[in-house]
Every structure is written in C-alpha cells, then in structure tokens.
4 protein chains.
Amino acid sequence: MKKKMNTQDAIVEAAFTLIAQHGLKGTSLSMIASEVGISKPAIYYYFPSKEELVDYLFHIVFDDHNFSEFFSINEYTKENFKKRLITDGIRYFEEYKHNSPALKVVHEFVLSAAQKPRYEKKLKSIMEQFLEGFEALLSYGVELGVISSKNTKVNAHSLALIIDNLGNFMILGIEMDYKKIWETAVSHVMKGSERF
Amino acid sequence: MKKKMNTQDAIVEAAFTLIAQHGLKGTSLSMIASEVGISKPAIYYYFPSKEELVDYLFHIVFDDHNFSEFFSINEYTKENFKKRLITDGIRYFEEYKHNSPALKVVHEFVLSAAQKPRYEKKLKSIMEQFLEGFEALLSYGVELGVISSKNTKVNAHSLALIIDNLGNFMILGIEMDYKKIWETAVSHVMKGSERF
Amino acid sequence: MKKKMNTQDAIVEAAFTLIAQHGLKGTSLSMIASEVGISKPAIYYYFPSKEELVDYLFHIVFDDHNFSEFFSINEYTKENFKKRLITDGIRYFEEYKHNSPALKVVHEFVLSAAQKPRYEKKLKSIMEQFLEGFEALLSYGVELGVISSKNTKVNAHSLALIIDNLGNFMILGIEMDYKKIWETAVSHVMKGSERF
Amino acid sequence: MKKKMNTQDAIVEAAFTLIAQHGLKGTSLSMIASEVGISKPAIYYYFPSKEELVDYLFHIVFDDHNFSEFFSINEYTKENFKKRLITDGIRYFEEYKHNSPALKVVHEFVLSAAQKPRYEKKLKSIMEQFLEGFEALLSYGVELGVISSKNTKVNAHSLALIIDNLGNFMILGIEMDYKKIWETAVSHVMKGSERF
DNA sequence: AATGAATGAGAATTCATTCAT
DNA sequence: TATGAATGAATTCTCATTCAT
C-alpha cells in the first residue's frame with residue numbers, strides 16, 4: 001500500500017512523524033532528510049524553506065481536522081439527533097486514542113501560534129469555525145425541536161470546550177470515562193434539560 | 001520590593017518571560033543572559049545546564065498552579081457553595097486574561113511533555129491532581145447536600161475540562177461568554193440538576 | 001528584432017544584466033535560468049560550466065570594448081584632430097552614463113582579474129591595447145603636426161588614465177565637469193602646449 | 001614583531017589578506033578562521049556577522065586611505081609646492097607597488113559599492129573627500145601664487161583622476177612611466193602652464 | 001533541446017557548554 | 001561570584017553540477 005510513495009509525500013509524512021515526536025523546533029531538515037532517505041537539499045526541491053514546509057503541514061492538518069469532517073449536520077434528524085451527536089463526538093476524540101501524529105502536530109501548531117502571529121490568526125479562525133459548527137448544529141437541533149432553545153451559543157461553546165479538551169487529556173493518557181462525560185454534556189443541551 | 005533581585009531569581013524571571021514569548025526551544029541561554037544583564041556562563045553558576053534550569057521552572061510553575069491555590073475547599077459551605085465555585089472558577093481563568101507568562105509556560109510544558117517522558121509523568125500527575133481536586137470538592141458538596149450525588153466523578157471531570165480549556169481559548173483571544181459558560185457548567189452539577 | 005532570441009543569447013544577456021547587478025560571485029546559475037525562463041540544466045547544454053560561461057562573457061565584453069571601437073584613427077585629420085579627439089572621448093565615457101550592464105561587468109572582470117591569473121593576463125593585454133591605441137593616435141597627431149612631439153607616450157598614457165577613470169567616477173555618480181576635464185586634458189597634449 | 005597578536009587583530013589581518021586574494025564573496029568565515037587558527041564561532045565573539053566584519057575593514061581601510069594621510073597641506077610652501085606635490089603623489093601610488101592587501105580590498109569595496117547602496121554612499125563620500133582635498137590644496141597653491149588661478153576645480157579633479165588610476169594600473173602590473181606621468185600632470189597645473 | 005530530480009560541498013549563523021581567571 | 005574567550009555540533013540554506021529521460 002505504502003509501497004512507492006513519491007518523495008514529496010514521503011517528506012510530508014516524515015515531517016509529521018518527527019514533529020509529533022520532537023516538536024516543531026526540535027525537528028530539523030537533516031532529520032527529515034535522513035528519515036526519508038534523501039539528501040538535505042532534496043527537500044528544497046519540494047519546499048522553498050522549512051517554514052513553507054511547516055505551512056504546508058499546517059494546511060493539511062487543518063483541512064482534515066474541521067468540524068464538518070466529523071459532524072455532518074445534514075445527516076441529523078429529529079429522531080437520531082442525540083444519538084448521532086454522541087457517536088460523532090466519540091468518533092472525534094477517539095481519533096486521539098490512535099495517537100495519529102497529525103493530532104500531536106496540531107498541538108505543536110497551537111503552541112507555536114502563541115509565537116507566530118501568522119499561525120495565531122489561522123488557528124483562531126479554525127477554532128472559531130469549530131465553535132460556529134457547534135452553534136449551527138445546535139441551532140438546527142432547536143429547529144427540529146430537540147434542543148433547548150435557551151443559551152444555544154453557550155451550550156455550543158460548552159460542548160466544543162469539552163470535546164476539544166477530551167482529546168488533549170487523551171493525548172496525555174489520563175484516564176477518564178470519556179464517553180460518559182461526553183454523553184452527559186450532550187444530554188445537558190437536549191430539550192428538557194434546561195431549568196435555569 | 002523588587003529592587004535588588006538576586007541573580008538567580010532574575011534568571012528565573014527572565015527565563016519565564018522569554019519562554020512565554022519564544023517557546024522552550026526558542027529561548028537560548030544567550031537571550032536569558034542578555035535579558036538579565038549577565039554573561040552566559042554566569043547562568044551556569046546557578047544551574048548546571050539549561051535542562052536543569054527548565055526543570056526548575058517546571059517545578060515553580062506547577063507548585064503555584066495547583067488546584068488548592070484557586071479552590072480552597074475548607075472555605076466552602078452549604079450556603080456559599082455554588083457562588084463560591086463560580087467565583088473561584090472565574091478567578092482561575094481570568095488569570096489567563098492577564099496573560100501571565102507562567103501560564104504560557106505551562107502550555108510549553110504541556111507540549112514538551114509529549115516529547116519528554118520525564119515531563120509527561122509529572123504533567124500527568126499534575127493534571128490528575130487537578131481532576132482529583134474537583135472530585136474532592138464535589139464530594140464535599142455531596143456531603144453538604146448541595147451537589148447531585150450521581151456521577152460525581154464525571155461531573156468533576158467535566159468541570160475540569162471546561163475550566164481548563166476556557167483558559168486555552170482565552171489565550172488565543174477567542175471571544176466567548178466565559179462567565180456564562182462556567183456558571184452553566186456549575187449549575188449542571190448542582191443538586192436538582194440531575195435528571196438522567 | 002529582438003523577438004525570438006535564441007536561448008544561448010538569452011542566457012548571455014541575462015548573465016550580463018545579473019552580473020552587473022549582483023557581481024560575478026553573486027550571480028548564480030539559478031538566477032540566470034529563472035531570468036531566462038529555462039531550467040538550470042539547460043544552461044549546461046550551452047556552456048559546460050559557469051566558468052566557461054563567464055569566459056564567454058569576458059570575450060564578448062572586451063571585443064566590444066576596445067580602443068578602435070571608439071577612436072577610429074583613420075578618420076582623424078589635421079583639421080579635425082582636436083575636435084574629434086574631444087568628441088570621441090566624450091562619446092566614450094558618456095556610455096557610462098547610460099549605465100550599460102557591459103560596463104559594470106568590465107568592472108567585475110577587472111576586480112576578479114586580481115584573483116584569476118587567467119583573467120589578469122587578458123585584462124592586462126586589453127589595457128595595454130588601450131594604451132597603445134592612444135600612443136598610435138598621438139603619434140599620428142605628431143605626424144600631422146598637431147600634437148606636441150615630446151613625451152608622446154606619457155601624454156598618451158595620461159589621456160588613457162583620465163578617460164578611463166572618468167568612467168569609473170561616473171559609475172559612482174560623482175559630479176564633475178567631465179567634458180571640461182577631458183577638453184583640458186586633450187588641450188595639454190596639443191601642439192603649443194608643451195613648455196617643459 | 002608579529003609575535004602575539006590578539007585574536008581580533010589576527011582576524012582582521014587574515015580577512016584583509018584573504019579578501020585581497022579571493023574577493024569579498026570569495027572569502028568565507030571558515031577560511032578566515034582556519035587562517036587565524038581558531039574556530040569559526042570564535043569570529044562571532046568579535047564580530048556579530050560577516051557583514052559587520054566587512055564594515056569594520058571598510059572603515060579601517062578608508063581611515064588610512066584619505067587624502068590628508070598623504071598630502072599634508074600645512075607643510076606646503078611657495079618654495080616647495082611643486083616638488084612636494086610631486087613627491088607626495090609618488091609616495092601615494094608607490095604604495096600600490098608594495099601591493100598591500102588593503103589596497104586590493106579597496107578595490108573590492110569599490111566593486112561591491114555598485115551592489116550595496118550602503119557602501120556606495122560611503123565610498124562616494126570618500127571619493128569626494130579625495131577630490132575636495134585636491135581642490136583645497138590647489139586653492140592654497142593659488143593663494144601662494146604658484147598655481148594657475150584658472151579652472152582650479154578642473155585641475156584638481158584631473159590630478160585626482162590621474163593619481164587614482166595610476167594606482168589601479170599599477171595593481172594590474174602595467175608598465176608605465178608613473179613618475180613622469182605624475183610630474184607632467186602636476187606641471188600642467190602650476191602657474192605659467194595655463195594658456196587656454 | 002531541455003527538464004525533473006537529486007546531490008556533495010560549503011556558506012553564515014546559533015547554541016549549549018567549558019575553562020582559566 | 002562572575003566573565004572573556006573559545007569550541008563542537010548543529011541549524012537553515014545555496015550552489016554548481018550530474019544524469020536519466
């Protein structure tokens with residue numbers, strides 16, 4: 001399957017793996033080159049600089065890591081809403097369990113965002129997109145009459161905060177009843193749950 | 001008060017500020033030395049290596065950043081429980097607003113934990129302590145009769161996940177109704193909130 | 001006319017322009033290739049190495065930049081000698097004003113001559129040719145009876161030194177009364193000027 | 001004599017020698033370091049970058065290479081003016097014969113001036129200073145009554161052009177009657193020489 | 001007639017660290 | 001309690017060149 005990757009893909013993959021292991025600054029072009037089995041300058045044939053290689057990874061990661069990738073709003077119905085929201089969420093953070101390098105790399109980007117204004121903007125917008133995804137989903141739930149109409153925004157953000165951090169805690173290997181936590185969080189936003 | 005800091009403290013403080021700005025790997029001893037106004041080798045008089053300096057910072061950060069620093073369980077009463085939990089929580093993540101270097105450094109450590117097993121363990125235990133803090137607090141609430149007796153652990157973890165991530169989102173400057181989200185989360189764990 | 005230059009000429013022209021701008025060592029084959037719009041190895045189809053390309057430029061430059069190109073001895077007469085010498089000289093250094101890349105490249109070669117014995121010889125012979133050109137011209141003037149018969153060689157060299165350096169100063173953009181200086185120099189070698 | 005130079009001076013000297021031989025771009029820090037017998041980073045202890053090292057050389061060269069270094073106007077009298085001007089001039093370009101690296105480095109700077117605006121300005125001002133030096137000297141000669149009062153500026157510039165280029169031709173090793181040329185040039189500007 | 005892919009050598013620079021003083 | 005001087009190893013990146021196609 002992996003048989004004969006082209007060099008560019010091999011560079012990208014090696015970069016992912018190594019950055020996941022050693023961090024953005026901790027990964028040098030030498031490391032990548034020797035992982036791929038090519039010479040250092042060969043990388044420059046595909047990417048004009050380390051920065052641009054990292055940018056490329058950034059886009060790959062976040063293009064795969066958006067809300068709609070995990071929660072397809074159009075498949076939600078009145079009947080399946082709660083169940084679907086629960087299972088989609090579980091699917092989302094379960095990915096962390098498999099410890100895909102991409103997810104650790106996301107972490108690296110979050111970190112470096114604090115230092116690189118360019119990333120900060122992009123990352124912020126991705127996060128906001130994520131929040132808006134939940135808002136839209138809950139709004140749709142309100143339309144369907146299955147979601148409490150009060151505080152949609154606050155509820156959406158709460159769900160986003162929880163599910164995002166569940167992944168973070170998972171990476172650290174902290175034991176929690178992830179599914180139960182998520183189920184509870186979802187239940188709180190379902191109709192009949194509001195009392196305040 | 002700050003007048004004549006001793007060199008060691010000056011090094012530590014400079015290291016904090018710089019790591020917050022440039023990251024762990026992005027901060028060199030040169031930078032620290034010139035920030036403090038001493039020579040590079042002077043740092044070696046106080047710390048045998050960069051690694052040990054970082055270790056020292058690590059301990060400082062996490063000794064100040066523990067649960068009981070923000071939530072003093074013994075001041076909670078049946079009457080003030082909810083209010084207190086809300087205000088203590090707000091106080092916790094409000095600190096992020098002031099953007100204290102220490103908090104950005106925590107982030108750096110979280111990140112580097114993925115790469116340094118030594119940190120990983122320590123960090124994990126700190127996180128778990130944080131979770132246990134919430135568990136203990138909620139258990140005390142159950143005793144006092146103000147907290148739902150069901151799913152104490154799940155509720156405690158939910159609170160921890162939310163409050164921790166509220167800080168993360170704040171660092172990125174994402175606009176949310178932070179207080180409302182926290183109030184809602186607290187309300188969900190108060191007695192009378194349980195229905196499922 | 002220039003419409004469809006062949007690749008070789010395009011390489012040469014690009015090389016000229018770029019060397020004039022960035023110097024001999026500051027101009028890489030990559031730069032030339034991308035200026036021409038071809039691939040780097042394509043240059044190797046026309047020139048076996050950078051060195052040989054530079055050699056080629058060297059010859060082009062100095063074949064165009066010889067004495068007789070500017071001073072056609074056979075058009076000088078007793079009557080027009082002074083005037084002609086003045087106007088030909090002006091024409092010579094005025095070319096510097098137009099800042100032709102070729103002239104900056106000459107400079108580069110002069111410089112690199114100090115480092116490359118191969119160029120040194122060639123350059124020296126070109127300079128000597130230039131000096132001999134003036135000697136021949138003045139000798140002819142002596143024959144015609146318009147030029148002081150004393151010190152012909154010294155006078156010729158003086159003229160050569162002045163006219164050559166006028167160009168150098170022009171490149172630097174130093175303001176001088178170039179024409180007056182040249183006129184005065186020419187006058188000094190005309191008959192009747194000698195007194196010592 | 002050379003016994004125990006300090007490292008900085010050794011770096012500067014090595015840089016001079018090597019730049020004279022291989023040019024500005026052709027001289028690497030590695031070369032300098034190994035010539036001095038130190039490690040590459042040691043150079044960075046003394047100079048923050050190659051550029052600043054070159055700047056330093058630039059200043060050294062031109063501080064030693066100014067008009068008043070060679071022509072001390074206050075030692076010129078009515079009686080010794082011509083003789084003095086001739087001998088000072090000879091002393092000036094004779095220095096080229098000894099082929100001091102500094103002079104070849106000047107050449108390098110002249111060349112690179114075309115590419116580096118920062119150098120261009122500096123170099124231009126040095127050249128202009130040189131021209132003004134001759135103007136001032138000739139003006140003084142006019143005051144003393146030994147120099148033709150006509151065209152002082154043009155005469156000064158002519159002398160400057162000749163003496164400067166005599167050095168250039170000397171570097172190339174072109175044979176000329178340098179002294180005679182200079183003597184003739186000086187004679188032309190002395191009183192009694194004017195006729196036009 | 002030209003290119004895509006790759007490389008070895010070497011450039012400038014930075015870093016953590018050492019050691020005599 | 002510090003520093004001046006120095007270093008080995010590493011970093012990103014560029015360059016002239018090669019070669020199969």
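Remember, predicted model here, so these are calculated numbers, not experimental data.
In this structure, CZ in B:Phe58 is found 12.5 Å from CD in B:Glu51, a value given to the nearest 0.5 Å. The NZ atom of A:Lys124 lies 7.5 Å from the CD atom of A:Glu120; values are rounded to the nearest 0.5 Å. Expressed to the nearest 0.5 Å, how far CZ of D:Phe16 lies from CD1 of D:Ile11 amounts to 13.5 Å.
For the pair D:Ile38 and D:Ile32, the minimum side-chain heavy-atom distance is 4.5 Å or more.
In this structure, E:dA1 forms no base pair with any nucleotide, since neither Watson-Crick nor G-U wobble geometry is met with both distances under 3.5 Å. For E:dT21, the paired nucleotide is F:dA2, the pair qualifying as Watson-Crick or G-U wobble because both relevant distances are below 3.5 Å. Judged by Watson-Crick or G-U wobble contacts below 3.5 Å, the nucleotide F:dC13 has E:dG10 as its partner.
In this structure, the side chain of C:Thr27 does not engage the main chain of C:Leu24 through any donor-acceptor pair within 3.5 Å. For D:Ser34 (side chain) and D:Gly37 (main-chain N/O), no donor-acceptor pair under 3.5 Å exists by modelled atom type.
At F:dT1, one or more side-chain N or O atoms of B:Tyr45 fall inside 4.0 Å of OP1 or OP2 (strictly under the cut-off). Of the side-chain N and O atoms in A:Thr7, none sit less than 4.0 angstrom from OP1 or OP2 of E:dA5.
Put simply, CD1 on A:Ile11 is 11 Å from C1' on E:dA5, counting in whole angstrom units. In this structure, NE2 of A:His22 is placed 16 Å from C1' of F:dT11, rounded to the nearest angstrom. Rounded to whole Å, atom C1' of F:dA6 lies 15 Å from atom CD of D:Gln8. If you measure from atom CD1 of D:Ile43 to atom P of E:dA12, you get 9 Å, rounded to the nearest angstrom.
With the nearest nucleotide of DNA chain F identified for both B:Ser39 and D:Tyr46, B:Ser39 has the one nearer the 5' end.
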Per-nucleotide protein contact string for nucleotides 15-21 of chain E (B base, S sugar-phosphate only, - none; heavy atom under 4.0 Å) | BBBBB--
